[in-house]
Structure formats: C-alpha cells, structure tokens
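Residues take their numbers from the sequence shown, with the count starting at 1.
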Amino acid sequence: MKRSTIFTSALLALLIAGCSNDEEPDNPCGSFSNPEYVINDYTLSVFNSDLRGEHVSGDVYESVDAIDFKNFIIKLEIEKNSLAKRFDSVFDFSLMGKAYACSPVLPFTEQRISSIKITSSAAFNDDLPAGSSLNDVFDVVYLDYVPTPYYSEKNGDVDYFSVAEFIAQPDNMPAEITQLALNTEPKYKQNHIFYIEINFHSGEQFLLESREISFNQ
C-alpha cells in the first residue's frame, strides 16, 4: 500500500510538471499534453486605444462616432483546435530528477503565413484608391508568444514593421493575437470597411472585414 502511494505521488508530480519521456530536440522534457494546435479561423475586433507593444483588451469599439486614426486598432484573434497526442510510453523513474527542472512548452503551430492583404471599401488617399493594398500604411504593433519579430529597436526607439515588411520575413508563425494600427493619416475619412485576407503556405485562406469606420476630420 505504501509503495503504491509513492508511485502515484511520483506520477502526479510528473504530470503537474508537464514532463514525460517523449523527448524532442527543442523540448528535452517532452510533454504529456501536446502544445501544438491548428488554426481554423480568425475573428476581427476594433478597439479605440493608443497602446503599442501591449495587448489591448476591454470593450470593443462599437460607437458610430468617428475615431482618431492614431487610436484605431484592429485586433485579430485565432480560433484553434489542439492536436491530440497519445501517451502510451512506459513510466521512466529517471524523469523524477528532472521533472522539477522542466518548463512547460509554449503552444505552437506548424502553419505559416504566406501573405496578408489589407484593403478598404473607400479611397485612403489619392495614391490609394478603394481596393488598393494598404499593407504599407498599417503597422503590426503587437504579437503574442511567437518568435517572428514585428519591430526593431535602436537607442531605445521602437520602429514597428509595416504589414508589408512583416510578411516579407521567412518562417512567419501566426500569433494567437495580432494587433494592427495605422501609421499614416487617411486623407479621405469617411465610410471605410477594411478587408483583410490572410493566406497560409498550407493552403488555408481567411477573409475578414471590419464594420464601417470613419475617422476624425
């Protein structure tokens, strides 16, 4: 009875620590649960915020009033399914020593972004009529928990990548949350519906649109 209790306690400790004997090169601890997920869809929300480099939360902007272009944030959030992973390995008591040294693996996906295109139903300025790509006038101002860079920093100054610069990077892992902001004031302020097309190398395509937005004169 005592031996059974010790065994159960040891197994529970390993489960809590998130380590198993399923080791991988980038995860020497392995994991009982699989942190890999597949993206099925995106949702788009609009926020009124001047935050950059931080997660925007709170109430979605639903007012019919015009908004300052500097505070206009588009937030993209993924909808995902985790991939199941069987655990049928023999218990390894050698893991007892390293269970407490292992850190949980952050969630990840093997899907990669091949392209993003942002357009509007209205002209942005004289050089960007309705339907033109707006990738150069939108910056990526926040990503969560992915290795893909979205800004550069020099002497303490942060320079956020435009969407055009962002998608030019190789091995572009989609984030669970992506936030976009305008870097240029639109000349034509009224009746913008923004359309975002996201494509993955694996063939998935996601089509999103905002509600109608007008900007302060």
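Counting only distance, with no hydrogens or angles, the side chain of Asp144 and the backbone of Ile177 share a donor-acceptor pair below 3.5 Å. Proximity of a side-chain donor or acceptor of Asp139 to a complementary backbone N or O of Val141 within less than 3.5 Å is not detected.
Phe194 meets the ring pair (Phe, Tyr, Trp, His ring centres under 6.0 Å) test with Phe72, Phe138, His192; sequence neighbours excluded. Residues satisfying the side chain to side chain contact (heavy atoms under 4.5 Å, CB included) criterion with Tyr150, sequence neighbours excluded, are Val140, Tyr142, Leu143, Tyr160, Phe166.
Atom CD of Gln179 and atom OG of Ser49 lie 8.0 Å apart (nearest 0.5 Å). Arg52 contributes atom CZ, which lies 10.0 Å from atom NZ of Lys70 (distance to the nearest 0.5 angstrom). Rounding to the nearest 0.5 Å gives a distance of 5.0 Å between CD1 of Ile39 and CD of Gln111. A distance of 14.5 Å separates NZ in Lys80 from CG in Asp41, rounded to the nearest 0.5 Å.
Side-chain polar atoms of Asn199 and Ser115 form a donor-acceptor pair below 3.5 angstrom. If you check the side chains of Glu79 and Asn40, you find no donor sitting under 3.5 Å from an acceptor. Defined by atom type and a distance below 3.5 Å, a donor-acceptor pair is missing between the side-chain atoms of Thr43 and Glu77. Between the side chains of Asn71 and Asp50, no donor-acceptor pair of N or O atoms lies under 3.5 Å.
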Could you walk me through whether Tyr61 and Phe47 pass ring pair (Phe, Tyr, Trp, His ring centres under 6.0 Å), step by step?
CA-CA 5 Å; Tyr61 187 72; Phe47 286 82; 9.4 Å; no

Side chain to side chain contact (heavy atoms under 4.5 Å, CB included), that's the test. Do Phe200 and Ile113 meet it? Break it down for me.
CA-CA 4 Å; Phe200 288 174; Ile113 297 171; 3.8 Å; yes

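Residues Phe108 and Tyr37 keep their aromatic ring centres 6.0 Å or farther apart.
In the hydrophobic clustering of ILVMFWY residues, with side-chain heavy atoms under 4.5 Å counting as a link, Leu180 and Leu44 come out together.
The local environment of OH in Tyr151 is sparse, with at most 12 non-hydrogen atoms from other residues, nucleotides or ligands closer than 6.0 Å. Within 6.0 Å of NZ on Lys189 lie more than 12 heavy atoms contributed by other residues, nucleotides or ligands.
Using a cutoff of 4.0 Å between basic side-chain nitrogens and carboxylate oxygens, Asp126 and Lys187 are scored as salt-bridged.
Across Ile74, Ile78, Leu76, a single residue satisfies side chain to side chain contact (heavy atoms under 4.5 Å, CB included) together with Thr178, and that is Leu76.
In plain terms, the two heavy atoms of Val46 and Val60 that are nearest each other are O-CG1, 3.2 Å.
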